[in-house]
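Below, read A as the first sequence line, B as the second, and so on, with proteins coming before strands; counting in each chain starts at 1. All of these numbers come straight from a predicted model, not from anything done at the bench.
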There are 2 protein chains.
Amino acid sequence: MTEQKTLPIDSIDRAILASLAANARMSGSALAARAGVAESTVSQRLRRLHDDGYLRGFHADIDVAKLGMSVQALISIKLVKHVREEVDAFRSAAPNWPGVLAFFHTGGGDDYLLHVAAHSAAELRDFMLTYLASHPAVSHTETNLVFEHVTGRGLEQLLS
Amino acid sequence: MTEQKTLPIDSIDRAILASLAANARMSGSALAARAGVAESTVSQRLRRLHDDGYLRGFHADIDVAKLGMSVQALISIKLVKHVREEVDAFRSAAPNWPGVLAFFHTGGGDDYLLHVAAHSAAELRDFMLTYLASHPAVSHTETNLVFEHVTGRGLEQLLS
DNA sequence: AATGAAATTTTCTTAGG
DNA sequence: CCTAAGAAAATTTCATT
C-alpha cells in the first residue's frame with residue numbers, strides 16, 4: 001500500500017533535501033558545500049531524487065492575505081454514503097474549486113477537509129452555497145475560520 | 001487587522017509569482033520570458049516582492065511517505081478555556097513537536113488542528129500520548145488518518 | 001559512484017536611455 | 001521598463017580514481 005519501492009536514501013541525499021526544503025532556490029554549488037560533496041555529485045543526486053519521486057517539485061511560499069485573500073477557512077465535509085459515483089466526482093472536482101488551497105481525504109467515514117481562501121466572508125459564503133450546499137454528495141459541513149497557519153518543523157527534523 | 005499596507009501588485013508581478021508557485025527554481029530569464037519583461041526587470045520585481053512580504057520563501061515539495069513516514073493524521077484539538085498562559089505555551093510548542101507538518105488555530109472556541117506525519121501507527125500513538133494526552137491545556141482530541149492530500153489550485157487561479 | 005577541473009552556458013548587476 | 005555589456009557564477013562534461 002505504501003510507496004517505498006526505491007532504494008533508501010543516504011545522509012548526502014538527506015542533506016540536499018533538507019537544504020532544498022529550507023530554500024528551494026539554493027544553487028547547486030551551495031548545496032554541494034552544505035552536503036560536503038562535489039557539485040557534479042549534487043547534479044546526479046538531484047536527478048535521482050526527482051526521478052525516484054522523493055522530490056516532487058519546488059514551490060514559492062506566497063502570502064495569500066497580501067494578495068487580498070484575507071479570509072481562510074477549514075471546512076469539514078461529510079458525504080452521503082454508498083454513492084460511489086458522486087463521491088468520485090466530488091474528489092476530482094474539489095481541488096479545482098476557486099480558492100481551494102488544500103484538500104484532504106480522511107479516515108472514518110467519507111470525510112474530507114478543505115482549506116480555502118477567500119477575499120471576504122461574503123465570498124466564502126458564496127463558495128459554500130455554490131459548491132457545497134448544492135452538491136448532491138455532500139450531507140454535512142462545518143466551517144471554521146483560520147486565525148493562524150504555521151508550517152511545522154516535522155520535515156526538517158526528519159531530514160536532520 | 002489584515003495585512004495589506006504595501007502597494008498592490010500588477011499583472012507582471014502576478015505572472016512572476018504564478019511561475020514561481022509552479023516552479024520555484026525557474027531561472028530569471030525564464031521568468032522574464034513568461035512575464036514578458038526583461039531579466040533586469042524580473043530582478044527588481046523579485047527583490048520588491050520579497051521585501052514587501054508577498055514572497056515568503058521557496059520550498060521543495062518532498063514526499064514524506066518515501067522517507068518512511070507512511071502515516072499521516074489530522075488531529076483536532078480543543079483546549080481548556082481561560083488558561084491563557086497554558087494556551088500560549090501550547091501554541092508556541094506544537095509546531096515544534098516531532099512530525100508536525102502544519103498547525104492551524106481556528107475559530108470558534110480554542111480549537112486547533114495539527115497535520116502530523118509518523119513512521120507508523122505506533123509512533124502516532126506515542127505522539128498523542130507524549131504531547132497531547134498529558135498536556136495540561138488539552139481537553140479533547142480527535143484523530144483522523146489522512147488517506148489523500150492534494151494541493152488545490154486556488155493559488156494559481158488567484159494569480160492567473 | 002564520486003572527484004576536480006576545464007569549458008560552456010547562463011545569470012546577475014550596472015549604466016544609460 | 002528596456003537594451004547592452006561586463007563580471008561573476010552556475011551547470012555540464014569528462015577523464016580519473
Side-chain angles (χ1 to χ4, degrees), chain A residues 3-63 66-68 155-156 158-160, chain B residues 4-69 155-156 158-160:
Chain A
E3 298 282 347
Q4 196 168 358
K5 309 199 77 173
T6 46
L7 295 173
I9 63 175
D10 63 15
S11 64
I12 295 171
D13 293 314
R14 274 196 295 276
I16 293 171
L17 290 175
S19 294
L20 288 172
N23 175 16
R25 281 179 80 77
M26 191 173 289
S27 68
S29 59
L31 292 170
R34 291 191 172 223
V37 294
E39 285 181 40
S40 48
T41 304
V42 169
S43 294
Q44 291 178 179
R45 298 289 188 130
L46 277 180
R47 190 174 302 109
R48 194 175 67 76
L49 288 168
H50 186 264
D51 290 347
D52 292 351
Y54 292 95
L55 263 175
R56 292 205 201 94
F58 308 96
H59 304 288
D61 178 13
I62 295 168
D63 188 337
K66 304 244 355 167
L67 297 177
L155 183 58
E156 71 180 78
L158 176 63
L159 292 169
S160 67
Chain B
Q4 195 169 0
K5 309 197 78 172
T6 46
L7 295 174
I9 63 174
D10 63 15
S11 64
I12 295 172
D13 292 315
R14 274 196 294 276
I16 293 171
L17 290 175
S19 295
L20 289 171
N23 175 15
R25 281 179 80 77
M26 192 174 286
S27 68
S29 59
L31 292 170
R34 290 190 171 225
V37 294
E39 283 184 43
S40 53
T41 304
V42 169
S43 294
Q44 291 177 180
R45 298 289 188 127
L46 276 181
R47 187 173 8 262
R48 194 176 68 75
L49 288 168
H50 186 263
D51 290 347
D52 291 352
Y54 291 94
L55 262 176
R56 293 206 200 92
F58 308 95
H59 304 288
D61 177 14
I62 295 167
D63 188 338
V64 294
K66 303 238 6 161
L67 296 176
M69 310 280 266
L155 182 58
E156 72 180 76
L158 176 63
L159 292 168
S160 66

When rounded to whole Å, the CG to P distance for the pair A:Leu49 and C:dA1 reads 13 Å
Toward the 5' end of DNA chain D, by each residue's nearest nucleotide, B:Asp10 or B:Arg25: B:Asp10
Under 4.0 angstrom between A:Arg48 side-chain N/O and C:dA1 OP1 or OP2: no
With respect to the phosphate group of D:dT12, does any side-chain polar atom (N or O) of A:Ser43 fall under 4.0 Å of OP1 or OP2? yes
Between the side chain of B:Arg25 and the main-chain N/O of A:Met26, is any donor-acceptor distance below 3.5 Å? yes
Touch check for A:Arg47, heavy atoms < 4.0 angstrom, all strands: base, sugar-phosphate only, or nothing? nothing
Looking at A:Lys66 and B:Asp52, is there a salt bridge between them, counting it only when a charged N and a carboxylate O are closer than 4.0 Å? no
Looking only at the side chain of A:Ala38 (C-beta and beyond, no hydrogens), which of the listed nucleotides D:dC2, C:dT13, C:dT3 gets closest? C:dT3
Considering every strand and a 4.0 Å limit on heavy-atom distances, what is the contact class for B:Ser29: base, sugar-phosphate, or nothing? sugar-phosphate
Round to a whole Å and report the spacing from CG of A:Leu46 to P of C:dA2. 12 Å
Here the pair of heavy atoms bringing B:Ala24 nearest to A:Ala24 is CB-CB, 4.2 Å
Rounded to whole Å, please give me the gap between CD in B:Glu39 and P in D:dC2. 11 Å
Answer whether the closest heavy-atom distance between the side chains of A:Ile9 and A:Leu17 falls below 4.5 Å. yes
Rounded distance in Å - CZ (A:Arg45) to C1' (C:dA1): 8 Å
Among D:dT13, C:dA1, C:dT11, which nucleotide has an atom closest to any side-chain atom of A:Ser40? D:dT13
Is the phosphate of C:dA2 approached by A:Gln44 (side-chain N or O, under 4.0 Å from OP1 or OP2)? yes
Determine yes or no for a side-chain-to-main-chain donor-acceptor pair under 3.5 angstrom, with B:Arg34 supplying the side chain and B:Ala15 the backbone. no
At under 4.0 Å between heavy atoms, what does A:Ser27 touch on the DNA or RNA strands: base, sugar-phosphate, or nothing? sugar-phosphate
Taking only N and O in the side chain of B:Thr41, is any of them less than 4.0 Å away from OP1 or OP2 of D:dC2? yes
